[in-house]
Structures are given as structure tokens and as C-alpha cells.
Amino acid sequence: MNQTPLSEFPLNPRLAADTHFVTSLELCNVLLVNDARFVWLILVPRIEGAIEVFHLDELQKVQLATEIDQISGVVLDLTNCEKLNVGALGNIVRQLHVHIIAREISDAAWPGPVWGVGTAKPYSAEAKSTLLKKIKSRL
């Protein structure tokens, strides 16, 4: 599958509604989930039609792994969290995307998954701006 140019890349409407754009890496767009209870980033490979990792070619798979490592390091550096949750589920949004979530024993969903627990707490404009600057400064 060929990589779609950034300017033409279609993002799933649900991902677009629930996130803030952070930046673009070589393969993926980086998004921040609008839930201040967790530092939760999503990588979306700009490969139109990709639903599963095996839909990527070998070089794209290597690049995805590299970007997962890069963003995981940024999240760990920002939060010093106890555990990172990294996964590509796609049960609700089929477009290939990878969640990278900082987890703490004290967080609202521990030890279970973050999905469906409580109500999302949107970032204030100031908190969002501050976090986006911190993320970008580490890339």
C-alpha cells in the first residue's frame, strides 16, 4: 500500500473528533486524545485503506515500529508513568491506528483498559497548549 501525502490524508471522523493534531512523522500522524485523565497519543499511519499492521509493506512496518518506540519514549519522558499501554485494536475505528497511553496505578481505569471508563475530561485550552509544546519539544 502506498503512503498518502499529508495534505490528502483522510482521517477517520471519530479520530478527528476525539483528538488534537500534534505533528507528522515520516509515516504517521501523531494525535493527542482529548481526555486529560490520561496522556494518550495515537499514531495513524498515512496509508489509505490500511486496517491491520500486515497491510503495511515491510519498510512501513519497520517505520511504524520505530515511530512507536519514539513516541513511547516521549510519553515515558513526559510522565515517568508506571506502565505504557501500546496497542492497535480497531474494534470501533477500523482505520489503522496505534494507541500509546501512560498508565498509573492511581489512574481512573487502572488496572483495566481505559476504554469505556468514566467520562472523558477534555483538556483546557491552556493545558492542551502546554502539553502539545512539551511533546513537540521532545521530537
Looking at side-chain heavy atoms only, is the closest gap between [X] and [Y] below 4.5 Å?
X   : Y    : value
V39 : C81  : no
Q60 : P45  : no
I71 : L139 : yes
L31 : H20  : no
E52 : L96  : no

Within residues 58-87 or reaching into it, pairs that qualify as ring pair (Phe, Tyr, Trp, His ring centres under 6.0 Å) - sequence neighbours excluded: none

Calculate, to the nearest 0.5 Å, the distance between atoms [atom1] and [atom2] belonging to [X] and [Y] respectively.
X   : Y   : atom1 : atom2 : result
F54 : L56 : CZ    : CG    : 10.0 Å
L84 : T79 : CG    : OG1   : 6.5 Å
L76 : K83 : CG    : NZ    : 10.5 Å
W40 : L32 : CH2   : CG    : 10.5 Å
D18 : D35 : CG    : CG    : 9.5 Å

Salt-bridge criterion met for K61 and D57 (N-O under 4.0 Å): no

Within one Ile-Leu-Val-Met-Phe-Trp-Tyr cluster: I92 and I42, side-chain cutoff 4.5 Å: yes

ILVMFWY network linking V62 to V30, side-chain heavy atoms under 4.5 angstrom: no

side-chain hydrogen bond (donor to acceptor under 3.5 Å, both in side chains) contacts touching residues 100-109 (sequence neighbours left out): N85-R103, R103-D107

Residue pairs passing the side-chain hydrogen bond (donor to acceptor under 3.5 Å, both in side chains) test where at least one lies in residues 64-76, sequence neighbours excluded: Q63-E67

Return a table of donor-acceptor pairs under 3.5 angstrom between the side chains of residues 115-135 and protein atoms on other chains or two or more places apart.
| unit_1 | atom_1 | unit_2 | atom_2 | d |
| --- | --- | --- | --- | --- |
| Y123 | OH | F38 | O | 3.2 |
| S124 | OG | A127 | N | 3.0 |
| T130 | OG1 | E126 | O | 3.0 |

Test applied, side chain to side chain contact (heavy atoms under 4.5 Å, CB included); reference residue, T19; option that passes from L41, N29, V33: V33

Residues that, via side-chain heavy atoms closer than 4.5 angstrom, fall in one hydrophobic cluster with W110: I105

Residues forming a salt bridge (charged side-chain N to carboxylate O under 4.0 Å, His left out) with R138, sequence neighbours excluded: D77

Side chain to side chain contact (heavy atoms under 4.5 Å, CB included) between L11 and F21, worked out: CA-CA 11 Å; L11 184 61; F21 178 80; over 6 Å; no

Under 3.5 Å: donor-acceptor pair, side chain of R37, backbone of A109: no

Donor-acceptor pair, side chain of H97 and main chain of Q95, under 3.5 angstrom: yes

Worked verdict on K136 versus V22 for side chain to side chain contact (heavy atoms under 4.5 Å, CB included): CA-CA 7 Å; K136 290 176 185 180; V22 178; 4.2 Å; yes

